[in-house]
Amino acid sequence: MDKKLLVLDIDGTLTNSKKEITLPTKNALRRIMEEGHLVMLASGRPTPGVRRYEEELEMAKYGGYLLTYNGARITRCSDNKDIFTRKFSKEYVHKLYDYCCEKNMGIVTYEDFEDTADPYVICGREPDKYLEWEAKINGLPLKPVKNFKERIDRDVYKVLMTADPEISEGLEKELQGMYGQYFNITRSEPFFVEAMNSEVDKAKAIEKVIDILGIEHKNVIACGDGFNDTSMVKYAAIGVAMANAQNAVKRVADFITSSNDEDGIVKVIDRFILCA
């Protein structure tokens, strides 16, 4: 048996519209992990924001991995050790803060949560509805600070910026034109614009993992729905877009499965792992 690596985005892919893993999906994932296949959750969320799903799937028991901050941090579940990290320069965080003030965008970032017993998200401006939603799904409070530049005095994993969907694409492209040669800029949702180290995206992180684990590229399956999933869906040997995925993801996918509300991951497991 060839050991497969199944890489799953969380929101809109692994979870349904209620942010829950359905029982059929949970059972299918546990079955393949019990057979020796590997599962990695790949999210733009901060690491604490994915722990709920890691625990629900018992990934520490089965030897799974967490890819968080869009690939800026990769954690081995069995011993909670990071196998890869790549941070984002604080100087660029300060530049993005100035840009957000000019464009009236929301902005947050994250520090190493191991440094505090009560993790929170550092908010540079007054929280908007998009940031409040992000805080809710991650289970982390927002903490506005008076002087964002002074507060961010060291490198971070990621910066998250917010804008209404009708203007976010234009802002993303403008930022790419200004800073694309220096760092990576992408959207995860129509209202989230994210910035990371230039060496960070989900595809590059998967490439790091399979090199460390000695898994052949032909055994990588990646499933996603959001703009920030495009790179890994394109990179994987079998790239899967959910039926609810953005068109950009569908265009690079090898296979389009059912939606996240129709247990689309179960269909992927049945077709490409259990019947392979």
Side-chain angles (χ1 to χ4, degrees), residues 1-45 50 52-59 61-68 70-71 77 137 188-190 201-203 205-207 209-210 213 215-276:
M1 179 193 77
D2 281 343
K3 181 187 290 187
K4 305 291 186 183
L5 174 64
L6 177 62
V7 186
L8 302 172
D9 171 58
I10 294 179
D11 300 295
T13 301
L14 172 66
T15 62
N16 62 16
S17 297
K18 296 179 180 179
K19 303 298 181 186
E20 299 170 341
I21 306 175
T22 66
L23 186 58
T25 296
K26 189 183 304 182
N27 287 340
L29 287 169
R30 285 186 175 167
R31 178 180 174 183
I32 63 169
M33 287 190 289
E34 286 171 355
E35 291 185 2
H37 301 290
L38 294 176
V39 172
M40 180 163 69
L41 305 186
S43 179
R45 291 189 186 206
V50 307
R52 161 190 169 188
Y53 304 113
E54 174 196 16
E55 293 169 3
E56 192 172 343
L57 294 172
E58 299 182 275
M59 293 180 67
K61 173 182 175 181
Y62 293 113
Y65 290 81
L66 304 179
L67 183 165
T68 51
N70 280 325
C77 300
I137 66 170
S188 53
E189 299 282 355
D201 66 26
K202 291 188 178 184
I206 295 170
E207 192 171 20
V209 170
I210 65 172
L213 300 181
I215 294 174
E216 294 185 70
H217 175 263
K218 69 178 183 178
N219 291 319
V220 177
I221 304 166
C223 308
D225 73 296
F227 295 109
N228 62 329
D229 297 320
T230 306
S231 68
M232 74 171 186
V233 170
K234 184 177 181 179
Y235 168 79
I238 300 173
V240 179
M242 309 300 290
N244 52 288
Q246 301 289 342
N247 287 332
V249 185
K250 291 179 178 178
R251 283 195 292 269
V252 301
D254 302 299
F255 178 72
I256 298 176
T257 189
S258 304
S259 77
N260 63 319
D261 287 321
E262 301 170 306
D263 292 309
I265 297 304
V266 176
K267 183 180 290 187
V268 173
I269 289 170
D270 286 344
R271 177 164 180 165
F272 297 111
I273 300 180
L274 297 179
C275 295

Problem - Check: Arg45 side chain, Asp11 main-chain N or O, donor-acceptor pair, under 3.5 Å - result: no
Please examine the side chains of [Y] and [X], heavy atoms only from C-beta on, and report whether any two atoms are closer than 4.5 Å.
X: Leu57; Y: Lys26; value: yes
X: Leu14; Y: Ile21; value: yes
X: Ile32; Y: Lys4; value: no
X: Met232; Y: Asp201; value: no
X: Leu5; Y: Tyr65; value: no

Practice task
Show the numbers, then the answer: is there a side chain to side chain contact (heavy atoms under 4.5 Å, CB included) between Leu274 and Glu35?
Solution key: CA-CA 10 Å; Leu274 297 179; Glu35 291 185 2; 3.9 Å; yes
Taking all atoms of both residues into account, what is the closest heavy-atom pair of [X] and [Y], and its distance?
X: Val233; Y: Ala222; answer: CG2-O, 4.1 Å
X: Val39; Y: Met33; answer: CG2-CG, 3.6 Å
X: Gly63; Y: Leu38; answer: O-CD2, 3.3 Å
X: Met59; Y: Met40; answer: CE-CA, 4.4 Å
X: Phe255; Y: Arg271; answer: CE1-NH1, 3.1 Å
X: Asp261; Y: Ser17; answer: OD2-OG, 2.5 Å

Practice task
Look up atom NZ in Lys267 and atom CD1 in Ile256, then write down how far apart they are to the nearest 0.5 Å.
Solution key: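 Between atom NZ of Lys267 and atom CD1 of Ile256 there are 11.0 Å.
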Exercise for the section: Look up atom CG in Leu6 and atom CG in Leu41, then write down how far apart they are to the nearest 0.5 Å. Expected result: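 Between Leu6 CG and Leu41 CG, I get 9.5 Å after rounding to 0.5 Å.
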Exercise for the section: Provide the full list of side chain to side chain donor-acceptor pair (under 3.5 Å) pairs with a residue in residues 244-255, sequence neighbours left out, each pair given once. Expected result: Asn244-Asn260
Problem - Residue pairs involving residues 226-243 (criterion side chain to side chain donor-acceptor pair (under 3.5 Å); sequence neighbours excluded) - result: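 Residue pairs with at least one partner in residues 226-243: Asn70-Asn228, Lys202-Asp229.
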Handout entry: Residues that Tyr53 engages under ring pair (Phe, Tyr, Trp, His ring centres under 6.0 Å), provided they are two or more places apart
Key =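 Listed in chain order: nothing, the list is empty.
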Exercise for the section: Test side chain to side chain donor-acceptor pair (under 3.5 Å) on Asp263 and Thr22 and set out the steps. Expected result: CA-CA 7 Å; Asp263 292 309; Thr22 66; 2.3 Å; yes
Problem - Ion pair Glu34/Arg30, N-O distance below 4.0 Å - result: no
Practice task
Would you sort out whether Val7 and Val209 count as a side chain to side chain contact (heavy atoms under 4.5 Å, CB included), showing the intermediate values?
Solution key: CA-CA 11 Å; Val7 186; Val209 170; over 6 Å; no
